[in-house]
Amino acid sequence: MGKPPELVAAEYALCSVDVERMPWYAADWLADGHDGPALRELAGLDGTDTRLIGELLPDALSEVGVRVPSAAQAADTWLATLAQRLINGEVDERTVSEHASAFVSRHLDLDEIWHSPFTDLHVLVDEWDQDWGRGNQELATTVRQLCRDHISRVPASPGIDLTSLAHGSAEQQTGGLRRLLNAWDFIGVHDPRANVDEYDCLIAPLLARLTKGAGAGDLSEYLSAEIRGHFGMTVSDTETRAFARRLLTWWGTEQRAQ
């Protein structure tokens, strides 16, 4: 399936581009009537020379009339597009907060997202359905206001769904899931300099279950059993279920925990 060049440009800016698929996308852009030497060379590659693809991509995008935005602009456009879907009634407030939290977890090293509304949406995601936090109605009102404020500053990109930035190639899926697990850090041992692979044993089994369409209950049950059996500790059902919902949002299923 093809991909709009505007979306590829945003992915490129956020270091989330699926490099191996770029020749196929470039061929689609040629078929749509665009042309240029970089675009033609890119379309003629087989996807294995990732270095050359990365070098050609900015020029190829320029030849189709698309400028690569800054990381900050790409992130702002991503959130504005998601916020507009809320205003249009396509998604609800909880979905917005979960997608935003997954986006932050996927891009923890991106300085440009460590500000409101990204951080506000990220920290409130675990409050849904909890007695200790704000009620769901207050959370929904807060999310909607954050989205309205953001749209007033940053225009959305009509017709472009940027929510796919949550995951892409196998390498990106592994890296994204590793970031989610390290952000959860249920043991409390994650160190970005010295200990980044503590939870890697969970990555392949979780990806396999996601690929097969596992729901929040199945994921939560697996996590509870594995944490108890492999790590020798227990984590509350509420916590594992919240992480399972976040995992499904990152995966892009938009499923809901029952």
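- Inter-residue side-chain proximity for V235 and W184 is flagged as met; some heavy-atom pair is nearer than 4.5 Å.
- Side-chain contact check for E63 and W29: no donor-acceptor pair (N or O, by modelled atom type) lies under 3.5 Å.
- Put simply, CG on L121 and CD on E98 are 11.5 Å apart, with the number rounded to the nearest 0.5 Å.
- Summarising the geometry, atom CG belonging to L56 is positioned 14.0 Å from atom CZ belonging to R40; distances are rounded to the nearest 0.5 Å.
- Side-chain contact check for L207 versus L177: some heavy-atom pair is nearer than 4.5 Å.
- Using a 4.5 Å cut-off on side-chain heavy atoms (C-beta onward), V91 and V96 make contact.
- Between L210 and L248 there is a side-chain heavy-atom pair separated by less than 4.5 Å.
- Considering all non-hydrogen atoms of both residues, S152 and D149 come closest at OG-O, 2.5 Å.
- Partners of R153 according to the salt bridge (charged side-chain N to carboxylate O under 4.0 Å, His left out) rule, which considers only residues two or more places apart in sequence or in another chain, do not exist here.
- Taking 4.5 Å as the limit, some side-chain heavy atom of H150 sits within range of a side-chain heavy atom of D76.
- With rounding to the nearest 0.5 angstrom, the NE2 atom of H190 is 11.0 Å from the CD atom of E198.
- Paired with E93 under the rule salt bridge (Lys or Arg N to Asp or Glu O under 4.0 Å), one option of R134, R144, R148 passes, and it is R144.
- Using cut-offs of 30° and 60° for the angle between ring planes, the F231 and Y199 rings count as tilted.
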Inset, instruction - Decide salt bridge (charged side-chain N to carboxylate O under 4.0 Å, His left out) for R178 and D197; before the verdict, give the C-alpha distance in whole Å, the side-chain angles of both, and the deciding distance to 0.1 Å. - result: CA-CA 7 Å; R178 180 180 292 117; D197 59 358; over 6 Å; no
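- Using a 4.5 Å cut-off on side-chain heavy atoms (C-beta onward), H230 and C201 make contact.
- A 4.5 Å side-chain heavy-atom check between L202 and Y222 finds at least one atom pair inside the cut-off.
- Under 3.5 Å, the side chains of W128 and S97 contain a donor-acceptor pair of N or O atoms.
- In terms of heavy atoms, A43 sits closest to A27 at CB-N, 3.8 Å.
- In this structure, the side chain of Q73 engages the main chain of S70 through a donor-acceptor pair within 3.5 Å.
- L219 contributes atom CG, which lies 6.5 Å from atom CG of L206 (distance to the nearest 0.5 angstrom).
- Within the 4.5 Å cutoff, no side-chain heavy atoms of F103 are placed close to those of H122.
- The neighbour count for E221 CD, taken as heavy atoms of other residues, nucleotides or ligands under 6.0 Å away, does not exceed 12.
- For the atom pair L57 CG and Y25 OH, the distance stands at 11.5 Å (nearest 0.5 Å).
- Taking all atoms of both residues into account, the shortest heavy-atom contact from C147 to L86 is SG-CD2, 3.7 Å.
- If you take CG on D46 and CD1 on I53, they are separated by 7.5 Å, rounding to the nearest 0.5 Å.
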